[in-house]
Number of protein chains: 2
Amino acid sequence: MEDYLEAIAVLRGEEKVARVNGMSRRLGVTMPSVTSALRKLSDRGLVIHEKYGYVSLTDEGNKLAQDVLRRHRALARFFCEALGVDKRTGEEDACRIEHVISPVSMDRLTKFLEFMAACPFGETKFPETYRYFLEHGKLPQECLRRAPK
Amino acid sequence: MEDYLEAIAVLRGEEKVARVNGMSRRLGVTMPSVTSALRKLSDRGLVIHEKYGYVSLTDEGNKLAQDVLRRHRALARFFCEALGVDKRTGEEDACRIEHVISPVSMDRLTKFLEFMAACPFGETKFPETYRYFLEHGKLPQECLRRAPK
DNA sequence: AACAGGGGTTAGTTAGGACTAACAAAGTAT
DNA sequence: ATACTTTGTTAGTCCTAACTAACCCCTGTT
């Protein structure tokens, strides 16, 4: 179901509106599958979908969708940028993992990306400095000192 | 299904033999679920299971189980040791992700762990040095030189 | 105004994977 | 040897999430 929410959010961003057909193609499922998913999501108060019309998200649905997207993007970045996996594969893995990873691990992974970004010149002691970063939310003094500007 | 194979391999390691009851408790499912899974796996030639008897793996089943275990252990190590996730959560995430991660990403993750382990004093330029490590299978000269012995 | 054709829906199926209830085999104790 | 307990199995049900086939809406063309 999260996939459907995510697809709606992305389509509305890319093409202004989300329709059954677009979702169907994006998700690689048939239109009846989309229709039935939308009915369920509508029952749960997450999407708005009047018959034969456009699809949009309720506030609650949007919150969920944005959260999935956040996870997706972080995972994709991790695989592609950090681990050097090709974009296609990284995206696919993000798509599957985003639904099963725990909040705790997700949080750590996000922090790891921040840590990488924060590291002056990419130089660091890993995982020692990362541990410090986790605890204090910033790099240790001696690490920052090495980075003028 | 991979979970069942994995459970058999682990139980045979821990308690010498795998039985339905043990698998049931380890996997958190009822015994009928185990029985029915075993029938399927047996049909596919992956496990050997005579009624009311012990459960074991065929060569092919064992190969698959060992592969899942390898993935599981690498993922758990990554979450726990690299990212600093608590053991419990790391294990749970490994359990779920091991079934959906692509071979490519799994390979990179494994390499990342090797990279971490190989890094003298844990000091490195990430991700630059990691990229070098990926390409050449070892740390660059100037990095090794800093590590006497 | 009729009518194609694409988008959308409904109805009905299938497959996987879990569950409960009830029964059968094995093991253990008296 | 028999009765009880534990372990396993069978049968039948449910739920989810996909699918196909067949039927609706809508719009643009002529």
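Every chain is numbered from 1, with letters handed out A, B, ... down the list of sequences. Everything quoted here is computed from the prediction, not taken from an experiment. Reckoned from all heavy atoms, side chains included, excluding hydrogens, waters and symmetry mates.
- The distance from atom NZ of Lys40(A) to atom P of dT16(D) is 7 Å, rounded to the nearest whole Å.
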Assess the residue pair Val55(A) and Leu38(A) against the criterion (side-chain contact (heavy atoms from CB on, under 4.5 Å)); give the C-alpha distance rounded to whole Å, side-chain angles, the decisive distance to 0.1 Å, and a yes or no. CA-CA 9 Å; Val55(A) 181; Leu38(A) 288 179; 3.8 Å; yes
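- With sequence neighbours excluded, no residue satisfies side-chain hydrogen bond (donor to acceptor under 3.5 Å, both in side chains) with Glu14(B).
- Between dT6(D) and Arg19(B), no contact under 4.0 Å exists linking OP1 or OP2 to a side-chain N or O.
- In terms of the side-chain contact (heavy atoms from CB on, under 4.5 Å) criterion, residue partners of Arg12(B) (sequence neighbours excluded) are, by chain and number, Ile8(B), Ala18(B), Ser56(B).
- Following rounding to the nearest Å, Asn21(A) (CG) and dG5(C) (C1') show an atom-to-atom distance of 13 Å.
- The side chain of Val20(B) lies closest to dT9(D), out of dG7(C), dT9(D), dA17(D).
- Every residue two or more places apart in sequence or in another chain that forms a side-chain contact (heavy atoms from CB on, under 4.5 Å) with Ala37(B) is listed here: Met1(B), Tyr4(B).
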Give me, pair by pair, the N or O atoms of the protein and of nucleotides 13-15 of chain D that are less than 3.5 Å apart, along with how far apart they are.
none

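- Using modelled atom types, no side-chain atom of Ser42(A) and backbone atom of His49(A) make a donor-acceptor pair closer than 3.5 Å.
- Rounded to whole Å, the distance from CZ on Arg26(B) to P on dT7(D) is 17 Å.
- Rounded to whole angstrom, the span from the CD atom of Glu2(B) across to the P atom of dG16(C) amounts to 16 Å.
- Contact between Leu113(A) and Ala74(A) at its shortest, heavy atoms only, is CD1-O, 3.4 Å.
- Relative to the axis of its first five pairs, the axis of the last five pairs of the helix from dA1(C)-dT30(D) to dT30(C)-dA1(D) sits at 10°, rounded to 10 degrees.
- Looking at residues two or more places apart in sequence or on another chain, you find no side-chain contact (heavy atoms from CB on, under 4.5 Å) involving Tyr52(A).
- Every residue meeting the side-chain contact (heavy atoms from CB on, under 4.5 Å) condition with Ser36(B), not counting sequence neighbours, appears here in chain and number order: Arg39(B), Lys40(B).
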Would you tabulate the nitrogen or oxygen pairs shorter than 3.5 Å linking the protein to nucleotides 18-20 of chain C?
| residue | atom | partner | partner atom | Å |
| --- | --- | --- | --- | --- |
| dA18(C) | OP2 | Tyr4(B) | OH | 3.0 |
| dC19(C) | OP2 | Thr30(B) | N | 2.8 |
| dC19(C) | OP2 | Thr30(B) | OG1 | 2.8 |
| dC19(C) | OP2 | Ser33(B) | OG | 2.6 |

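- In this structure, OH of Tyr54(B) is placed 18 Å from C1' of dT9(D), rounded to the nearest angstrom.
- Arg39(A) comes within 4.0 angstrom of sugar-phosphate atoms only, judged by non-hydrogen atoms across all strands, and of no base.
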Check residues 21-30 of chain B and write down every donor-acceptor pair under 3.5 Å in which the side-chain atom is one partner and the other belongs to a residue at least two apart or another chain.
| residue | atom | partner | partner atom | Å |
| --- | --- | --- | --- | --- |
| Ser24(B) | OG | Val29(B) | O | 2.8 |
| Thr30(B) | OG1 | Ser33(B) | OG | 3.1 |

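- Glu60(A) meets the side-chain hydrogen bond (donor to acceptor under 3.5 Å, both in side chains) test with no other residue; sequence neighbours excluded.
- Residue Asp86(B) holds its CG atom at 8.0 Å from CZ of Arg108(A), rounded to the nearest 0.5 Å.
- The aromatic rings of Phe78(B) and Phe112(B) sit perpendicular to each other, their planes meeting at more than 60°, with 30° as the lower class boundary.
- Less than 4.0 Å separates DNA chain D from at least one heavy atom of each of the following residues of residues 41-52 of chain B: His49(B), Lys51(B), Tyr52(B).
- Taking atom NE2 of residue His99(B) and atom P of nucleotide dG16(C), one finds them 17 Å apart after rounding to whole Å.
- Dense packing is recorded around CG of Asp43(A), with more than 12 heavy atoms of other residues, nucleotides or ligands lying under 6.0 Å away.
- Straight-line distance from the CG atom of Asp3(A) to the C1' atom of dT16(D): 14 Å, rounded to whole Å.
- Other cluster members for Val68(B): none, since no ILVMFWY side-chain heavy atom sits under 4.5 Å from it.
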